[in-house]
Amino acid sequence: MSDTVSFLMTPNPVCVPTDATLAHAAEQMRDHNIGDVLVVSGRILEGIITDRDLVVRGLALHADPLVTTVGSLCTTRPAVLEPDQPVEIAVEMMRDLGVRRLPVCDASGAPIGILTLGDLAVERDPESALADISASPPTV
């Protein structure tokens, strides 16, 4: 078991530009079987948008998914991790902030990975129900 975020994170996160539509973000989530995409301006992280955001902040408020941009609905300036930080910091941040996903950025602010609650469960508590669910193959 490694002590740093870089060991547990999923590298090369899916990113979309701030002007991408909600429909495009949803397609990326579907195509990559993920529940979030990172929102970037150039290479710099601007925010994160989740499948729940698409429903609660978008569809439930009648936003047009073909016109509304991710930049207008994403969580801006999300908490981020650095790859060399201890995993315990990630656990504390998730607990304190009530989030399930944390982007991992390099020194320039470019996203290089994402660490999820499922990643932590698989590594830290492999016998847990959450670890079992997280390690299961995706359903279609």
A.B. asks: Hey, any chance Ile49 and Ile34 share a hydrophobic cluster, counting ILVMFWY side chains that come within less than 4.5 Å of each other, even indirectly?
C.D. replies: yes
A.B. asks: Indicate the atoms forming the closest heavy-atom contact of Gly113 with Pro13, along with that distance.
C.D. replies: N-CD, 3.4 Å
A.B. asks: Within the distance-only criterion (no hydrogens, no angle test), does the side chain of Asp53 pair as donor or acceptor with the backbone N or O of Arg57 below 3.5 angstrom?
C.D. replies: no
A.B. asks: Would a single hydrophobic cluster contain both Met9 and Leu117, if residues Ile, Leu, Val, Met, Phe, Trp and Tyr are joined by side-chain heavy-atom contacts under 4.5 Å?
C.D. replies: yes
A.B. asks: Could you tell me the separation between the CG atom of Leu66 and the CG atom of Leu22, rounded to the nearest 0.5 Å?
C.D. replies: 9.0 Å
A.B. asks: Could you give the distance from CG (Leu8) to CG (Asp3), rounded to the nearest 0.5 Å?
C.D. replies: 9.5 Å
A.B. asks: From Leu73 CG over to Leu61 CG, what is the distance, rounded to the nearest 0.5 angstrom?
C.D. replies: 8.0 Å
A.B. asks: Which pair of heavy atoms, one from Pro83 and one from Ile112, lies closest together, and at what distance?
C.D. replies: CG-CD1, 3.7 Å
A.B. asks: Can you list the steps and then say if Arg101 with Thr10 is a side chain to side chain donor-acceptor pair (under 3.5 Å)?
C.D. replies: CA-CA 11 Å; Arg101 304 165 176 94; Thr10 299; over 6 Å; no
A.B. asks: Is a donor on one side and an acceptor on the other found under 3.5 Å between the side chain of Asp31 and the backbone of Gln28?
C.D. replies: no
A.B. asks: To the nearest 0.5 Å, what is the distance between CG (Asp36) and SG (Cys74)?
C.D. replies: 12.0 Å
A.B. asks: With a 4.5 Å cut-off on side-chain heavy atoms, are Pro78 and Pro103 touching?
C.D. replies: yes
A.B. asks: How far does CG of Asp106 sit from OG of Ser6, to the nearest 0.5 angstrom?
C.D. replies: 13.0 Å
A.B. asks: So does Ile44 get a backbone contact from the side chain of Ser41, meaning a donor-acceptor N/O pair under 3.5 Å?
C.D. replies: no
A.B. asks: Honestly curious: do Leu115 and Ile89 fall in one hydrophobic cluster under the side-chain, below-4.5 Å linking rule?
C.D. replies: yes
A.B. asks: Might you point out which heavy atoms bring His24 and Ala20 nearest each other, and give the distance in Å?
C.D. replies: CD2-CB, 3.8 Å
A.B. asks: Please check if Leu97 and Val87 belong to a single hydrophobic cluster, counting links between Ile, Leu, Val, Met, Phe, Trp and Tyr side chain heavy atoms closer than 4.5 Å.
C.D. replies: yes
A.B. asks: What verdict does the side-chain contact (heavy atoms from CB on, under 4.5 Å) test give for Met29 and Val37, after you've listed the backbone C-alpha separation in whole Å, the side-chain angles of each residue and the deciding distance to 0.1 Å?
C.D. replies: CA-CA 7 Å; Met29 291 179 200; Val37 293; 4.1 Å; yes
A.B. asks: For Leu59 and Leu54, run side-chain contact (heavy atoms from CB on, under 4.5 Å): C-alpha distance rounded to whole Å, both residues' side-chain angles, the deciding distance at 0.1 Å, then the answer.
C.D. replies: CA-CA 6 Å; Leu59 296 177; Leu54 293 176; 5.8 Å; no
A.B. asks: Linking I/L/V/M/F/W/Y whenever any side-chain heavy atoms sit under 4.5 Å apart, do Leu45 and Val99 land together?
C.D. replies: no
A.B. asks: With heavy-atom distances below 4.5 Å as the criterion, would you say the side chains of Met94 and Leu120 are in contact?
C.D. replies: yes
A.B. asks: Can you see which heavy atom on Leu102 is nearest to which on Ala79, and at what distance?
C.D. replies: CD2-O, 3.6 Å
A.B. asks: Using side chain to side chain contact (heavy atoms under 4.5 Å, CB included) as the criterion, point out the one residue from Val5, Leu38, Asp84 that pairs with Val104.
C.D. replies: Val5
A.B. asks: Measure the CE-CD distance between Met93 and Gln85 for me, rounded to the nearest 0.5 Å.
C.D. replies: 6.5 Å
